[in-house]
Protein chains: 2
Amino acid sequence: MPGMNLEISTCFPQFSHLDADSARLLENNARLMDIPSGTVLFRDGAECSSYVLVLEGSIRVQKVSENGREIVLYRVERGQSCVLTTNCLIAREDYAAQGVTETDVRALVLPATTFRALLSKSEAFRDFVFSAYATRIADLLLLIQEVAFGRIDVRLAGWLRSRTASGDAIVATHQDIATELGSAREVISRQLKEFERRGWVALHRGRVEIKSRDGLASLA
Amino acid sequence: MPGMNLEISTCFPQFSHLDADSARLLENNARLMDIPSGTVLFRDGAECSSYVLVLEGSIRVQKVSENGREIVLYRVERGQSCVLTTNCLIAREDYAAQGVTETDVRALVLPATTFRALLSKSEAFRDFVFSAYATRIADLLLLIQEVAFGRIDVRLAGWLRSRTASGDAIVATHQDIATELGSAREVISRQLKEFERRGWVALHRGRVEIKSRDGLASLA
DNA sequence: GATGGTCCGTGACTAGGTCACAGAAGGTCA
DNA sequence: TGACCTTCTGTGACCTAGTCACGGACCATC
């Protein structure tokens, strides 16, 4: 598969330490896939058969409740893999959440058997998988902390800030933001309105324009 | 250390597959420790220098907010290790939560260097560490789901049920239960009072007596 | 039985989530 | 251009959960 090696080595510098054997295993069994934006890659309860390495684009992993509320757990982006998938492959369990491509995604897909083989053969691959776990666990703990104890205005302000520079605008509906934070649309609408009243943002249909990052920062 | 091998092999059957080399590494470097109930093993932000395998007893791992609220993330019990510790050792980061012994605990303590050596040498040890990650991630996702979307009455009823048979009593203050669920003492008091009104429990100082598991089950 | 610590109950209030509905913005098509 | 439809936003009313303040109950100890 021409060019694949180059892409792998730029996105996953860790894999440059793969021994020749493992590198061959990877090349021979990986499939390069292009997945359009909005594709549901896996659902809560689905079983899992392959390992995914993202070369380009972003996958959103989220939990959906019975009554339709959602919360984003984390994103899988260029150079990352999905821990939930790792989890399923290792524990041979079903997925515990849902994964959706947020943009067009180019990814490397490994069959479960190749994944397991690499895991036992290659120290570099193992290190990669272990670090992926470590960073995600830290993310999840932070999320628990926020959801359990955090105030929604603070979380919203933080989220807005994390996505922009002053003067920028965020293209997202209030519902999108609610999903992102695991809250409800009406709550977000009201908070945004209050931020607008304070002159921190300007509201448009499907778009939030940031006027004062300092104002937002004053909440955190 | 006489008897240590026996204890290891009964609590950690996985380690019976350790190769001779790794087993020796483990034996020569592990320290057997007895830790009294109520000891704080690590705090949020502390750095981490050793790996812990629990032989007997229970460690509670919890997140504490600035304003004093707490939530239990998971427990480390006989035959388990603490993922958070694993995490710190792998990512070389500080602890992101607090760990406290809930009972007297007997544990095997490995220096970080031994842990890393075992991780790279022994397949059996790696498998153990990977499965530990896998089960904890599943736990944490469930917790996020509950905290983000769950009703407190349902969670309380479920927790009470999970700890008893009918006629049993749970020895815990309302504050203990609130900590367990990441809620507030007053909220738990009110819910318990309501459960009592319905005849599902009887309340005593520091003790909740379960009268009807079926009643509690009707909420879930 | 007086004293002090822990635990529990409760009213009043605030924050955030739910429900219902109205109206605004923007696209499409005659 | 205007009628029509869909999606997005705003808002009042209400409910659930968490916070604050405080009083009183239970229990151990002297």
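Computed from a predicted structure; not experimentally measured. Each chain gets a letter, A, B and so on, in the order the sequences are listed, and its residues count up from 1.
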Each nucleotide N or O in nucleotides 24-26 of chain C that has a protein N or O under 3.5 Å away: list the pair and distance.
{"unit_1": "C/dA25", "atom_1": "N3", "unit_2": "A/Arg205", "atom_2": "NH1", "d": "3.2"}

By a strict heavy-atom criterion of less than 4.0 Å, which residues belonging to residues 169-186 of chain B are in contact with DNA chain C?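 Those residues are B/Thr173, B/His174, B/Arg185, B/Glu186.
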Near DNA chain C, counting only heavy atoms under 4.0 Å, which residues of residues 147-159 of chain A show up?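 Residues of residues 147-159 of chain A that come under 4.0 Å of DNA chain C are, in numerical order, A/Arg151, A/Ile152.
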Ring pair (Phe, Tyr, Trp, His ring centres under 6.0 Å) pairs, two or more places apart, involving residues 77-109 of chain A: A/Phe42-A/Tyr95
Tell me which pairs pass ring pair (Phe, Tyr, Trp, His ring centres under 6.0 Å) where either residue lies in residues 157-193 of chain A, with sequence neighbours left out.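 Checked against ring pair (Phe, Tyr, Trp, His ring centres under 6.0 Å) - neighbours excluded - no pair reaches residues 157-193 of chain A.
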Should the heavy atoms of other residues, nucleotides or ligands under 6.0 Å from CZ of A/Arg198 be counted, would the total exceed 12?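 For A/Arg198, atom CZ is crowded (more than 12 foreign heavy atoms under 6.0 Å).
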Take atom CG of A/Leu192 and atom P of C/dG16, then tell me their distance rounded to the nearest Å.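 To the nearest whole Å, that distance equals 13 Å.
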Would you please name every residue forming a ring-ring contact (aromatic ring centres under 6.0 Å, His included) with [X], sequence neighbours left out?
X        : answer
B/Phe115 : B/Tyr51, B/Phe125
B/Tyr133 : A/Tyr133
A/Phe130 : B/Phe130
B/Phe12  : B/Phe15, B/Phe128

When we call it a touch if two heavy atoms are under 4.0 Å apart, what does B/Arg190 touch: a base, just sugar-phosphate, or nothing?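 Counting heavy atoms under 4.0 Å across all strands, the contact made by B/Arg190 includes a base.
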Within the 4.0 Å heavy-atom criterion, would you say A/Gln191 contacts the bases, only the backbone, or no part of the nucleic acid? sugar-phosphate
Evaluate the side-chain proximity of A/Ile71 to A/Leu181: yes if any heavy-atom separation is below 4.5 Å, no if none is.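 Counting from C-beta outward, A/Leu181 and A/Ile71 never come under 4.5 Å.
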How about A/Leu32 and A/Leu108: do any of their side-chain heavy atoms sit closer than 4.5 Å?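 Yes. Closest side-chain heavy atoms under 4.5 Å.
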Anything under 4.0 Å to a heavy atom of chain A counts; send over the first and last such nucleotide of DNA chain D, read 5' to 3'.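 Nucleotide range with atoms under 4.0 Å of chain A: D/dT7 to D/dA13.
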Classify the side-chain pair B/Ser65/B/Asn67 by whether it contains a donor and acceptor separated by less than 3.5 Å.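 Yes, because at least one side-chain N or O of B/Ser65 sits under 3.5 Å from a partner of the opposite role on B/Asn67.
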Which pairs would a plain distance check flag for residues 200-208 of chain A, meaning a side-chain donor or acceptor within less than 3.5 Å of a matching protein atom at least two apart in sequence or in another chain?
{"unit_1": "A/His204", "atom_1": "NE2", "unit_2": "A/Glu209", "atom_2": "OE1", "d": "2.8"}

Interatomic distance, B/Glu146 atom CD to B/Arg151 atom CZ [nearest 0.5 angstrom]: 13.5 Å
Return the set of residues passing side chain to side chain donor-acceptor pair (under 3.5 Å) with B/Glu180 (not counting sequence neighbours), or none when no residue passes.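 If we apply the side chain to side chain donor-acceptor pair (under 3.5 Å) test to B/Glu180, skipping adjacent residues, the hits are B/Arg75.
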